[in-house]
Participant: 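Below you'll find the structure I mean.
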Amino acid sequence: MIPILGADPLFRDGIDGTVVLIVIVKTIIVFTVLLVAVMFYVWFMRKVIADMQNRIGPQRAGPFGVLQTLADGIKLFFKEQSSPECADPPVFRLAPYLAIIPAFMAFAIVPIGGLVPVAGRQTYLQLADPGVGVLWLLMMSGIGLYGVMLAGWASGSKYPLLGSVRASAQLLSYEAALGLAVVGVLVHSGSLSTRTIVDQQAWTGIGSIVSQWYWLPAIGAFVIFCISAIAETNHPPFDLVEAEQELVGGFHTEYTGIRFAIFFLAEFMNVITMSAIAVTLFLGGPAGPALGFLAADSWVNVWVMPVFWFTVKLLVLLYATVWIRATLPRLRYDQLMALGWKYLIELAFLWAMISGVVVVGAREGWNRWVTVPAAVAGAGIVLAVLWACLPRRGEPVEEIR
Amino acid sequence: MIPVLFFLAAAATLAGALGVVLARNPVHAALFLVQTLIGVAVLFLLQDAELVAAVQVIVYASAIVVLFLFVIMLLGVDRAESMEDRVPYQRPAAIALGVILLVELLVLAGHEWATGQPTASGVPLEGGGFGGNVERVARVLFTDFLWAFEITSVLLVIAVVGAVVLARRSGQRGAPIDAPEGADEGDAGAAEEARV
């Protein structure tokens with residue numbers, strides 16, 4: 001059996017035609033749902049920002065303007081595709097797909113619901129549950145970086161090149177912080193598999209919000225994950241990649257028509273995927289109260305409620321991203337790099353150390369009121385030493401000869 | 001299914017490797033390198049080595065080649081190279097060495113003393129029971145090979161410190177010391193812009 005398929009009970013009895021069909025249907029559903037979700041998210045974003053800025057926002061296409069994104073997409077589809085004279089044609093054409101395909105594939109590991117019966121089989125509402133689990137996200141965001149980087153280079157034009165060099169530096173920097181933040185959860189879960197992580201955060205009552213879900217025990221990792229996920233998706237306030245007053249349009253300046261639309265799609269899809277991963281890792285994924293007056297195995301409780309709770313949590317996080325977009329001004333480039341390298345990575349390391357001590361302490365039965373303060377104090381000492389070693393602004397530094 | 005995937009991945013790997021050598025444009029060569037590395041990752045996957053496959057993609061196919069591309073773009077060497085050799089006899093020497101390497105590989109691959117005992121795919125190794133291969137690698141890395149692991153990490157830290165020292169020494173004129181890492185790239189970008 002191919003290990004990337006993971007521990008889904010669907011594959012337990014071997015692979016036959018039905019299993020292949022179920023996987024294909026799941027793939028198509030995930031693909032479609034993501035596309036529709038992006039369409040909805042763009043509308044949602046424009047509407048919410050419009051509300052926050054006392055405007056009306058899109059309102060013409062469809063009820064409440066909900067079809068505006070579709071209209072924009074159709075318009076972009078029929079527009080002329082131009083390509084600059086200095087462009088490198090094969091790479092120029094390849095770049096949008098290098099951005100969009102990883103964006104789709106990263107979503108595959110997100111558990112949308114629980115175990116459901118389909119055509120006499122049991123399967124998870126999740127496309128894939130590979131043993132490497134969350135690493136899949138890092139793999140895909142690493143590949144997605146090429147889309148941005150090559151788009152800028154292949155355009156053969158200086159603003160896109162500057163934008164893409166910026167972008168790749170930013171994405172590479174924050175990928176480190178993102179990966180280290182994920183460690184904060186993995187230390188608690190002891191498993192990389194998203195399905196296992198979600199199962200550990202199962203709903204046992206209202207108290208499980210604080211006792212089961214990982215946002216509280218891994219609160220530092222949660223904060224670092226959110227910040228670096230926002231940076232990793234080029235979302236404001238970290239959208240220096242397309243800082244229009246400095247770079248015209250960033251890496252996609254020279255792209256028109258559907259190729260531009262693909263970049264656009266990939267960017268918003270990444271926002272949705274990152275939010276979904278945050279829900280999975282920190283907010284229990286599909287965990288939530290079932291409807292008590294129905295039987296536990298009724299189709300509403302098996303199919304609808306987990307998906308409902310997943311969607312609710314996802315919408316809360318997506319609203320937060322829109323809120324941030326509407327509120328915070330863009331960072332300067334050196335601030336962005338300083339935040340990533342000087343603060344987030346160190347804090348993520350320290351948080352991983354604290355989590356390690358706490359988890360081992362809990363397993364060995366040490367007194368929690370001793371281990372937690374001791375771990376925090378130890379991390380504080382390390383931080384103080386680091387802080388003391390950091391060169392101050394304007395301070396003369398001795399030359400190394 | 002598995003043999004089909006194997007031949008697809010192997011073909012992609014070899015095509016990528018040829019592309020790395022034959023492409024005239026450094027950026028294209030780097031892209032072919034990505035293709036090769038991802039092909040190798042798929043081959044790892046077919047050997048049930050999913051962690052190695054993941055690390056291959058995260059570290060090699062993304063981080064390292066992105067750094068290659070970064071350097072290529074910043075230095076502005078991204079145009080087609082002329083095929084003239086500056087070093088005489090470079091090409092025949094390369095061919096000879098390549099042939100020797102190929103023969104070595106072919107000879108070694110057929111001998112168990114070089115490749116170790118062949119294991120049947122899917123059969124757990126001795127001392128199993130640690131779950132998936134992520135757990136197993138972690139267990140071995142942090143117990144049996146802890147010393148080697150720590151030594152390697154010290155080696156990497158030394159390399160990083162050395163790189164910083166070298167960069168500091170040559171970059172005295174330009175970069176002020178309080179500038180973060182990003183500012184260096186900003187400066188280089190500005191220089192690039194000025195040159196264009």
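Below, chains carry the letters A, B, ... as their sequence lines are ordered, and counting in each starts from 1.
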Participant: Just wondering, more than 12 heavy atoms not from F145(B) lying within 6.0 Å of its CZ?
Facilitator: no
Participant: Distance from L31(B) atom CG to W153(A) atom CH2, nearest 0.5 Å?
Facilitator: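 With rounding to 0.5 Å, CG (L31(B)) is 7.5 Å from CH2 (W153(A)).
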Participant: Heavy-atom distance under 4.5 Å between the side chains of L51(B) and L135(A), does that happen here?
Facilitator: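 Side chain of L51(B) against side chain of L135(A), heavy atoms only: contact under 4.5 Å found.
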Participant: Of the backbone (N, CA, C, O) and the side chain (C-beta and beyond), which part of V65(B) lies under 4.5 Å from a heavy atom of chain A, both, or neither?
Facilitator: both
Participant: So I143(A) and I38(B), do their side chains get closer than 4.5 Å, heavy atoms only?
Facilitator: yes
Participant: For a 4.5 angstrom cut-off between non-hydrogen side-chain atoms, does L172(A) reach L67(B)?
Facilitator: yes
Participant: Once rounded to the nearest 0.5 Å, what's the spacing between atom OG of S62(B) and atom CE of M149(A)?
Facilitator: 11.5 Å
Participant: Go through it in stages, so that I can follow the logic: the residues are H28(B) and D88(A), the test is side chain to side chain contact (heavy atoms under 4.5 Å, CB included), and I'd like the CA-CA distance, side-chain angles, deciding distance and then a yes or no.
Facilitator: CA-CA 10 Å; H28(B) 292 178; D88(A) 186 312; 2.7 Å; yes
Participant: Is Q170(A) in contact with chain B via its backbone, its side chain, both, or neither, using a 4.5 Å heavy-atom distance?
Facilitator: neither
Participant: For a quick test of reading the model, state the closest non-hydrogen atom pair linking L69(B) to Y146(A) and the distance between them.
Facilitator: CD1-CE2, 3.6 Å
Participant: Quick one: which of L336(A), L192(A), L150(A) has the most heavy-atom pairs under 4.5 Å with chain B, could you say?
Facilitator: L150(A)
Participant: Which bit of L138(A) comes within less than 4.5 Å of chain B, counting heavy atoms only: side chain, backbone, both or neither?
Facilitator: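 Both parts, backbone and side chain.
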Participant: Working to the nearest 0.5 Å, report the span between CD1 of I58(B) and OG of S141(A).
Facilitator: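 Interatomic distance, I58(B) CD1 to S141(A) OG, rounded to 0.5 Å: 8.0 Å.
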